[in-house]
Q: 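One structure, as structure tokens, below. Some questions next.
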Amino acid sequence: MELAYIPSPSRGVIHLGPIPLRGYAFCIIIGVFVAVWLGNKRWIARGGRAGTVADIAVWAVPFGLLGGRLYHVITDYELYFSEGRDWVDSFKVWEGGLGIWGAIALGAVGAWIGCRRRGIPLPAYADAIAPGIALAQAIGRWGNWFNQELYGKPTDLPWALHITSSTDGRVPGYYHPTFLYESLWCIGVALLVIWADRRFTLGHGRAFALYVAAYCTGRGWIEYMRIDDAHHILGVRLNVWTAIIVFALAVTYFVLSARKRPGREEVVEPGAADGSADEGETADGENKDDKAESAEKAEADTEVAEVKDETKDEAESAKKT
């Protein structure tokens with residue numbers, strides 16, 4: 001008798017008339033909004049302008065979605081190009097299938113374009129949005145729950161995920177909810193990066209490198225639990241190898257960056273501080289003008305009073321004469 005388990009939704013899409021509302025897409029959209037919101041707060045705290053993060057996200061998000069889809073299609077090409085498959089399905093992003101490795105890689109290209117157009121250093125921008133990306137991943141993983149996909153090995157734990165669908169080779173039963181494990185891990189990564197950034201004043205891309213290294217650590221052991229089809233190299237899943245390689249690169253960058261460029265950028269967005277200064281100067285200028293005008297008026301009043309006194313004295317002298 002099952003005392004407890006995580007139920008799967010009966011369907012991952014709700015039709016509002018002719019318009020399909022898909023849980024997977026909603027999770028991705030909400031994740032993007034959270035990432036931009038938190039990134040904007042962190043960017044302003046670092047001395048940047050409000051709205052800059054969203055402006056650059058206009059470039060980064062589409063590139064990221066494209067990169068994520070390309071990585072998935074390339075590494076799981078047999079799902080779309082093997083016999084009996086329809087290659088048109090490779091464009092159906094709403095049905096699931098976004099590789100985080102491709103999303104981050106190509107998303108960085110889009111962010112670089114946006115940063116270059118505004119004269120902003122990409123590492124500073126990456127540091128600001130790193131925790132937001134982790135939270136976006138935490139939210140986005142619930143899209144797998146809506147699609148009943150990417151679960152782990154069978155288990156009888158009370159938090160087992162109950163899979164009810166039998167399509168695409170699924171076997172109904174109770175499995176490890178790897179989507180939940182990764183979601184919780186990503187929340188922990190976001191909190192770690194925020195804490196470390198405040199404690200050690202990370203800069204020049206090191207907060208982002210910490211996010212990447214921490215995520216790869218969790219993704220490695222979570223990937224071992226999954227039972228979905230995947231390519232293997234030397235008996236190890238491809239995504240595990242990817243996590244190992246990316247982890248090594250992130251740690252290497254963190255160490256080298258700390259040696260060559262310790263501390264944090266003093267200016268993250270050219271002109272942001274000048275704009276504040278200009279406003280201050282304008283306010284000071286207005287105050288100076290007001291003071292000068294008041295002084296001139298007081299001086300004029302004094303002169304008028306003196307003229308009146310002289311006229312009065314002359315009049316009194318004339319009467320006496």
Side-chain angles (χ1 to χ4, degrees), residues 27-57 60-61 64 100-101 103-105 107-108 110-112 114-115 120-143 179-222 243 246-259 261-269 272-273:
C27 290
I28 298 298
I29 293 172
I30 294 172
V32 170
F33 273 104
V34 169
V36 172
W37 169 78
L38 181 57
N40 183 65
K41 289 177 65 68
R42 288 171 53 80
W43 184 251
I44 293 173
R46 286 172 176 255
R49 288 193 178 99
T52 296
V53 169
D55 291 342
I56 297 176
V61 172
I100 185 61
W101 315 111
I104 295 297
W112 174 79
C115 287
I120 292 172
L122 178 61
Y125 180 81
D127 283 341
I129 64 172
I133 294 177
L135 290 180
Q137 289 178 251
I139 297 171
R141 271 305 173 195
W142 284 84
F179 84 91
L180 178 60
Y181 298 161
E182 187 166 338
S183 179
L184 295 175
W185 182 268
C186 287
I187 293 174
V189 170
L191 295 176
L192 171 66
V193 173
I194 292 173
W195 171 81
D197 193 27
R198 292 177 178 176
R199 175 66 176 80
F200 302 104
T201 316
L202 301 177
H204 302 286
R206 288 188 289 279
F208 185 82
L210 176 61
Y211 144 71
V212 173
Y215 171 74
C216 289
T217 302
R219 180 62 185 266
W221 68 265
I222 292 173
V246 175
F247 172 85
L249 292 175
V251 172
T252 301
Y253 176 87
F254 189 99
V255 173
L256 295 179
S257 175
R259 290 179 179 177
R261 308 185 71 180
R264 180 183 290 173
E265 301 90 341
E266 295 183 0
V267 178
V268 296
E269 185 169 2

Q: What pair of heavy atoms forms the shortest contact from Cys186 to Ala134, and how long is it?
A: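 Smallest interatomic distance, heavy atoms only, reads CB-O, 3.3 Å.
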Q: Only counting residues at least two apart or in another chain, list the ones meeting side-chain hydrogen bond (donor to acceptor under 3.5 Å, both in side chains) with Asp197.
A: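 Applying side-chain hydrogen bond (donor to acceptor under 3.5 Å, both in side chains) to Asp197 gives Arg42, Arg46, Arg264.
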Q: Just wondering, do Phe254 and Phe208 contact through their side chains at under 4.5 Å, heavy atoms?
A: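 A side-chain contact under 4.5 Å is absent here.
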Q: Can you see which heavy atom on Ser257 is nearest to which on Gly203, and at what distance?
A: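 Ser257 and Gly203 have their closest heavy atoms at OG-O, 4.3 Å.
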Q: OH of Tyr125 to CD1 of Ile56: how many Å apart, nearest 0.5 Å?
A: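 Result: 5.0 Å between the selected atoms.
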Q: Would you name the heavy atoms of Pro131 and Ala128 that are closest together and state the gap between them?
A: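 Nearest heavy atoms, Pro131 then Ala128: CD-O, 3.9 Å.
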Q: Nearest 0.5 Å, what's the CD-CD1 distance between Gln137 and Ile28?
A: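 Going from the CD atom of Gln137 to the CD1 atom of Ile28 covers 10.0 Å.
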Q: Can you name the residues that form a ring pair (Phe, Tyr, Trp, His ring centres under 6.0 Å) with Trp112, not counting sequence neighbours?
A: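 Testing Trp112 for ring pair (Phe, Tyr, Trp, His ring centres under 6.0 Å), a comparison that skips the adjacent residues, returns none.
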Q: Give a yes or no answer on whether the side chain of Ser183 reaches the backbone of Phe179 with a donor-acceptor pair at less than 3.5 Å.
A: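 No, because the side chain of Ser183 does not come within donor-acceptor range (under 3.5 Å) of the backbone of Phe179.
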Q: Is there a side-chain contact between Trp101 and Cys216 in this structure, where contact means two heavy atoms from C-beta onward sitting under 4.5 Å apart?
A: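 Yes, at least one pair of side-chain atoms sits under 4.5 Å.
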Q: Would you say that Ile104 contacts Ile133 through its side chain, given a criterion of any heavy-atom pair below 4.5 Å between the two side chains?
A: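 Yes, their side chains come closer than 4.5 Å.
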Q: Quick check: closest heavy atoms across Ala213 and Ala250, and the distance to 0.1 Å?
A: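 Nearest pair, atom of Ala213 first, then Ala250: N-CB, 3.9 Å.
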Q: In Å, rounded to the nearest 0.5 Å, how long is the span from OG1 of Thr217 to CD1 of Ile222?
A: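 Here the rounded value is 10.5 Å.
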Q: List the residues meeting side-chain hydrogen bond (donor to acceptor under 3.5 Å, both in side chains) with Tyr215, not counting sequence neighbours, and say none if there are none.
A: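 Once residues adjacent in sequence are excluded, the partners of Tyr215 under the side-chain hydrogen bond (donor to acceptor under 3.5 Å, both in side chains) criterion are Glu182, Arg219.
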Q: Checking the side chain of Trp185 only, and the main-chain atoms of Ala214 only, is there a donor and an acceptor separated by less than 3.5 Å?
A: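 Between the backbone of Ala214 and the side chain of Trp185 there is a qualifying donor-acceptor contact (under 3.5 Å).
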Q: Any side-chain heavy atom of Trp142 within less than 4.5 Å of one from Leu180?
A: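 Yes - at least one pair of side-chain heavy atoms lies under 4.5 Å apart.
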Q: Under the side-chain hydrogen bond (donor to acceptor under 3.5 Å, both in side chains) test, which residues partner Thr52, sequence neighbours left out?
A: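 For Thr52 the side-chain hydrogen bond (donor to acceptor under 3.5 Å, both in side chains) partners, ignoring immediate neighbours, are Arg118, Glu269.
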Q: Closest approach of Pro121 and Val268, non-hydrogen atoms and distance?
A: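 Scanning both residues, the minimum pair turns out to be CD-O, 3.4 Å.
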Q: Got a list of side-chain donor-acceptor pairs under 3.5 Å for residues 32-39, not counting sequence neighbours?
A:
none

Q: If you define the side chain from C-beta out and look only at heavy atoms, does anything of Leu202 sit under 4.5 Å from Asp127?
A: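 Not touching, per the 4.5 Å side-chain cut-off.
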Q: To the nearest 0.5 Å, tell me how far Glu265 CD sits from Ile120 CD1.
A: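 Rounded to the nearest 0.5 Å, the CD-CD1 separation comes out at 11.5 Å.
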Q: Any chance you could measure Ile139, atom CD1, to Ile29, atom CD1, to the nearest 0.5 Å?
A: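 Between Ile139 CD1 and Ile29 CD1, I get 12.0 Å after rounding to 0.5 Å.
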Q: What pairs with Arg206 under salt bridge (charged side-chain N to carboxylate O under 4.0 Å, His left out), at least two apart in sequence or on another chain?
A: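 Result, salt bridge (charged side-chain N to carboxylate O under 4.0 Å, His left out) vs Arg206: none returned.
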Q: What are the two closest non-hydrogen atoms of Ala50 and Asn40, and how far apart are they?
A: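 Looking at all heavy atoms of both residues, the shortest contact is CA-OD1, 3.6 Å.
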